[in-house]
Structure formats: structure tokens, C-alpha cells
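Whatever order the structure lists them in is the order used to number ligands and atoms, beginning at 1.
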Amino acid sequence: MDVVMIGAGYVGLTTGACLAELGHCVVCVDTDSMKVARLNRAEVPIYEPGLSELIRRHMMAGRLAFTHDLASAAPQADAIFIAVGTPSGDDGDIDLSYVKGAAAELAPLVKPGAVIVIKSTVVAGTARMIADLVAEIRGDSDVHVASNPEFLREGSAIGDFLEADRIVIGADDAHSADVLAELYAPLRKKGVPFVTTTTTNAELVKYAANAFLALKIGFINEVADLCEAADGDVAAVAEGIGLDRRIGRAFLDAGPGFGGSCFPKDTRAFAATGRRYRQPQALVETLIQRNEARKTKLAAKIIAQLGGKGGRVAVLGTAFKSNTDDVRDSAALTVIPALLDAGIAVVAHDPKARKATERLVPGALWRDCPYEAAKDADALVILTEWADYARLDLGRISGLMAGRSIVDCRNLFAPHEVTRHGLKYVSIGRRPATPTPRQKEKHPGAGAGNWTDIAAAPA
Ligand code: NAD
């Protein structure tokens, strides 16, 4: 099939490359001509494991191309996906202007029978509203607009597409359903389950799924706080509940609060939809509030522990999670500015997200390796679970730091691994671990520095 993908961001690029992998001819269209020029040189502007190779392979095979000229690409297409951004608006609802803009530009260009597929995450009723918009512009009510929400996770997006848990197709007419079924036929043959339903249901599935996953994270974060107070260990509790097949282990890792391009924005939009329909989503409203408060509280605790005397903090990891350079709504965007405002020098490291972070939160010093960042730091804070951080040589870190405390918001280490190097270890959902008297003897600096018990600090 001939496919056009409008929007060459995380979703558009991954979906476009994966549809080429399924054997379709795909043209990705983006209004950002710099991005298009880079893509045409096979330079992939985002970091996503395996994506560059996939894109290069299909460009060489003639199945994948990039342009900023929708008018040249759209008329041949059997399916045109809209995968543009849907940022949060002021009231938490989403800004549909990019989706509407793309649909309006597209409306006069599509051939009869072509299906416009909304891939962007949009609120209930959007596909029907876009169908009306396209019909009005074309002066013809025979239009096909479908919904095909995306569930990929950045960092494992290609696997999530090719080995999807399910494909949700929202179609209000049989032709749209047939075209999408044919497009995804290779995945259906591999046994990927299909859910074919109305466009409104498909739109609701996406938000309800993300709200539910975000609630799991929010829940385990609250359990983690209880574990700290009750001398428990959240990892053991998560394992104990996660092995229950009705619950599942995924999304039960306590941390600094969820971020990224989806959960914060999608929970806000879900809550806004509830308010609009006068069916308030109280659980999700509370979740949003608690999640934001968690990041602010973390920053406040770090500042309080440095005693208002300034100091130097090494921040390892600014991406919202590992294996991505995406920093949208990451904990680092709250923590770094708060530390800087408090007069604390921040020395940051992230293997992929430096550029994106510098654009959003200037003022931190950057180092090319975590050891350089740790040098002379009064405290070291781990915000992202990069695998390299879990392999850090803690003896070397201990020797480089001026202070003794490691605040690990991702629980990358067993407490005794850290304390045996004379460091104090503050993690999430576990009591802070301090070096034993023997360890202190071996490392005379242990317990020195201006750090006290972060978990016991006032909120
Ligand atoms: P993004 O910001 O990375 O990319 C959007 C792209 O669309 C940009 O390159 C922009 O230049 C382009 N664009 C905007 N208007 C255009 C137009 N009229 N014509 C052509 N190009 C245009 O966004 P993203 O992260 O890929 O997200 C896209 C949508 O998918 C959003 O609704 C998002 O919520 C949803 N989604 C994202 C993820 C994710 O993990 N990133 C996962 C599932 C769903």
C-alpha cells in the first residue's frame, strides 16, 4: 500500500519505518524542513534504539522517503496517517490545532477511498470532528477518517510496533476498517490481537490505558513513601504484588514521579475530558497533583539537606527514562531549576539528553562522563535509570566526591554495595543506609559532608 505519514517525530518516524518493514511504501511529511533535510541524509534526529538502521535500510530499498511537500505525496496515498503533536493546552485539555491544520491541508488532496488515520493521541470525538471538517472542505461527505492510537514506549518503540500487545482500530465505516486491516495484515498473521471498534472507543482506549499505567506508577510511589516510614522495601513489595497475574509487575518501579511526552499530558487530557463531560476522574485528578508534588518535594528535600549554603550537586540522568533523549516533563526539569534557584551548582550528565535538556533548562554545567560530573560534588543524584549508571564504579565515585551522599531515585543499587564504599545511600522506598562503624573506619570520610537523612527531611 502507499502510505503517507504526516509528522516525522517519535511516533511518525517509528510508525513510518515499521510500516515500510511490513512492506508498504511510506512517505513521511514534516513541516520542519531542517528535519526533512537531515532525514534525507539518513540522519535520524531522535535517539531510538534500532531506528536509524531501520530507516537507512528502507530508504535504500526505496520504501521510505521524506518530504515537506504534502501536495506531492498525498494524492497517491491509500492511507494518510496524522501523527503530529497534541500538546497540553492551558486547562489540561489538548491543543488540537496541529491535527486540525494537517487535516485541513490534506482534505483537498486525498483521492476518493483514501483513509485518513489519526495516530496522534486525541480526545474522544476528535476523529468524527475531523471527518466533518474534511467533508466540509471537500464539499463531499464521502470521507473516511479512522483512529489508530499508538501505544509505543520510547526506548523500545520498534519492538512495541512489530510485537504489539494489540492493535486498536477505530473505524466508523466498513471501508476504513478493511483498509487498516489490510495495512496491518502481516502483524495479524503473526498473531497480534486486533480490537476493531468505533473511533470514539479507540480514542478512549488510548487515554484509559495510559491513565491506568500512570496510576500504577503513582500507586507504587505512594507505597514507597509508606515503606520508607514503616521500614519496608518497596522493591520486595512490588515483586510480591506484581507476581499476581491480575496485577502484573510492569510499571511498579518506584521513582521520582512519571514524566515523558505521554503520561503527564495524557492524564491531564483524560481529567479534562472527565470535567467536560461532567464525569470527573477523581483518581486521575489526584494522581496528577501527587505526581507533580513528588518532583517538587524531591527538589526541596535536596535543597534542605544542603543547608541553604549552596554547594554542588551532580545530577546523573535528565531524560524522563533510559534509552531515550526525550526530556519532556522529566523530573530533571523540576529538580535542576530548583537547585539552581537555591544557589546550588548543578553538574549534569546524560548519555543522550544533554542537548534537549540544555534547551529547556539552561544554567547547569555539563560533563561527558558521570565520573567527571561526580568530581567534587557534595551530593550525587541519580534521576534516570540508564544501564551505565547501574554499572558505576562506586569506589571511584566515592574517591571523587567531596560529600558522601548518593540519592538514587531509581534504586539502581543494593544499599550495602554503596555503603561499603563509605557512602551514605538514600534510595526510594527504603530507609537510607549509612556506613557501618567498620565501614567508617575503613573510609574515614564516611558520613562527612553536609548531608543528613533525606527521607526524614520535612516535606
Ligand atoms: P513530536 O513532537 O516528536 O513530532 C511531531 C512532528 O509533527 C514534528 O516533527 C512536527 O514538526 C510535525 N508537524 C506538526 N504539524 C505538522 C503538519 N501540519 N504537517 C507535517 N508535520 C507536522 O511528537 P510525537 O512524540 O511523535 O507525538 C505525536 C503524537 O503521538 C502525539 O499526539 C503524542 O501524544 C502521541 N504519542 C506519542 C508517543 C511517544 O512516546 N512519543 C507514544 C504514543 C502516542
Side-chain angles (χ1 to χ4, degrees), residues 4-18 27-39 44-49 51 66-74 77 80-89 92-107 109 116-123 126-127 130 133 147-161 164-165 167-168 202-203 205-207 209-211 213-214 258-270 319-321 323-330 356 359-360:
V4 160
M5 183 67 57
I6 304 182
Y10 280 88
V11 170
L13 277 180
T14 312
T15 311
C18 288
V27 181
C28 293
V29 181
D30 203 291
T31 42
D32 182 341
S33 43
M34 296 266 283
K35 191 184 263 191
V36 171
R38 286 184 66 188
L39 284 162
V44 179
I46 54 166
Y47 174 70
E48 180 62 40
L51 186 60
F66 300 95
T67 181
H68 55 82
D69 183 13
L70 183 63
S72 67
I80 304 102
F81 283 76
I82 297 180
V84 299
T86 46
S88 270
D93 220 333
I94 52 165
D95 171 2
L96 281 172
S97 59
Y98 297 100
V99 174
K100 285 188 197 161
E105 202 185 338
L106 187 60
L109 302 171
I116 297 171
V117 187
I118 301 185
K119 194 68 165 156
S120 301
T121 301
V122 293
V123 289
T126 302
I130 293 295
L133 176 75
S147 164
N148 174 220
E150 182 51 59
F151 300 98
L152 67 78
R153 292 162 300 171
E154 289 174 17
S156 55
I158 294 169
D160 288 346
F161 184 100
D165 285 345
I167 288 171
V168 175
E203 289 159 346
V205 165
K206 172 66 190 175
Y207 278 116
N210 270 5
L213 294 173
F258 58 77
S261 63
C262 291
F263 285 171
K265 170 170 85 79
D266 293 354
T267 47
R268 285 194 290 265
F270 190 65
F320 82 94
K321 65 172 185 176
N323 291 324
T324 182
D325 58 357
D326 198 338
V327 298
R328 290 177 273 188
D329 273 310
S330 79
R359 258 200 311 274
L360 293 172

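Looking only at heavy atoms of the protein, atom 19 (N) of ligand 1 is closest to Ile6 CG2, 3.4 Å. Nearest to atom 16 (C) of ligand 1 among the protein's heavy atoms is Val84 CG1, 3.5 Å. At the top of the distance list for atom 1 (P) of ligand 1, counting protein heavy atoms only, stands Gly9 CA, 4.0 Å. Closest protein heavy atom to atom 42 (C) of ligand 1: Cys262 SG, 3.4 Å. If you check which protein heavy atom lies closest to atom 17 (C) of ligand 1, you get Thr31 CG2, 3.6 Å. In this structure, atom 12 (C) of ligand 1 lies nearest to the protein heavy atom Asp30 OD2, 3.2 Å. Of all protein heavy atoms, the one closest to atom 7 (O) of ligand 1 is Gly7 CA, 3.4 Å.
The shortest N/O to N/O separation between Thr86 and ligand 1 falls below 3.5 Å. In terms of polar-atom proximity, Val11 is counted as a contact of ligand 1, with an N or O under 3.5 Å from an N or O of the ligand. Looking at Asp326 next to ligand 1, no N or O pair under 3.5 Å apart turns up. Polar contact with ligand 1: absent for Asp266 (N/O pair, distance under 3.5 Å). Below 3.5 Å of separation, one finds no N or O of Lys206 facing any N or O of ligand 1. For a threshold of 3.5 Å applied to N or O pairs, the pair formed by Tyr98 and ligand 1 contains no separation below that value. At a 3.5 angstrom cut-off on N or O pairs, Glu150 does not count as close to ligand 1.
Under a 4.0 angstrom heavy-atom cut-off, Gly101 registers as lying outside contact with ligand 1. Ligand 1 lies nowhere less than 4.0 angstrom from a heavy atom belonging to His68. Taking a 4.0 Å cut-off on heavy atoms, Arg328 registers as neighbouring ligand 1.
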Stepwise side chain to side chain contact (heavy atoms under 4.5 Å, CB included) check, Thr121 with Tyr207: CA-CA 8 Å; Thr121 301; Tyr207 278 116; 3.5 Å; yes

Leu13/Phe66 under side chain to side chain contact (heavy atoms under 4.5 Å, CB included): CA gap, chis, key distance, verdict: CA-CA 10 Å; Leu13 277 180; Phe66 300 95; 3.6 Å; yes

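Residues Val4 and Leu106 form no side-chain contact, since every pair of their non-hydrogen atoms from C-beta on lies 4.5 Å or further apart. For the pair Thr14 and Ile158, the minimum side-chain heavy-atom distance is below 4.5 Å. Side-chain contact between Lys265 and Arg328 is absent, with no heavy atoms from C-beta onward closer than 4.5 Å. Using a 4.5 Å heavy-atom cutoff, the side chains of Val123 and Glu203 are not in contact. In this structure, Phe320 and Asp329 have side chains that are not in contact, with every pair of non-hydrogen atoms separated by 4.5 Å or more. With contacts defined as side-chain heavy-atom distances shorter than 4.5 Å, the pair Tyr10/Asp326 qualifies.
Atom 39 (C) of ligand 1 has its nearest heavy-atom neighbour, among Arg153, Glu154, Lys119, Glu48, in Glu154. With atom 35 (C) of ligand 1 as the reference point, the heavy atom nearest to it among Thr15, Thr121, Asp32 is part of Thr121.
Short contacts between ligand 1 and Ser261, defined as distances under 4.0 Å to a heavy atom of the residue, involve ligand atoms 39 (C), 40 (O), 41 (N). Within ligand 1, counting atoms from 1 as listed, the ones closer than 4.0 Å to a heavy atom of Gly85 are 5 (C). Against a heavy-atom cut-off of under 4.0 Å, Val29 is close to the following atoms of ligand 1: 20 (C), 21 (N). Short contacts between ligand 1 and Lys35, defined as distances under 4.0 Å to a heavy atom of the residue, involve ligand atoms 8 (C), 9 (O).
For the pair Thr267 (side chain) and Pro264 (backbone), a donor-acceptor distance under 3.5 Å is present. Panel note: side chain Lys206, backbone Glu150; a donor-acceptor pair is recorded below 3.5 Å. Looking only at distances, a side-chain donor or acceptor of Lys321 sits under 3.5 Å from a matching main-chain atom of Glu154. Under the 3.5 Å distance criterion, the side-chain polar atoms of Ser120 are matched with a main-chain donor or acceptor of Val84. When atom types are taken as modelled, the side chain of Asn210 and the backbone of Asp266 share no donor-acceptor pair closer than 3.5 angstrom.
Of all the heavy atoms of Lys265, the ones lying under 4.0 Å from any atom of ligand 1 belong exclusively to the side chain. Counting heavy atoms under 4.0 Å from ligand 1, residue Ala83 touches it through the backbone alone.
The two atoms that bring Val168 and Val205 nearest to each other are CG2-CG1, 4.1 Å, heavy atoms only. Closest non-hydrogen pair, Ala8 versus Asp30, comes out as N-OD2, 2.7 Å.
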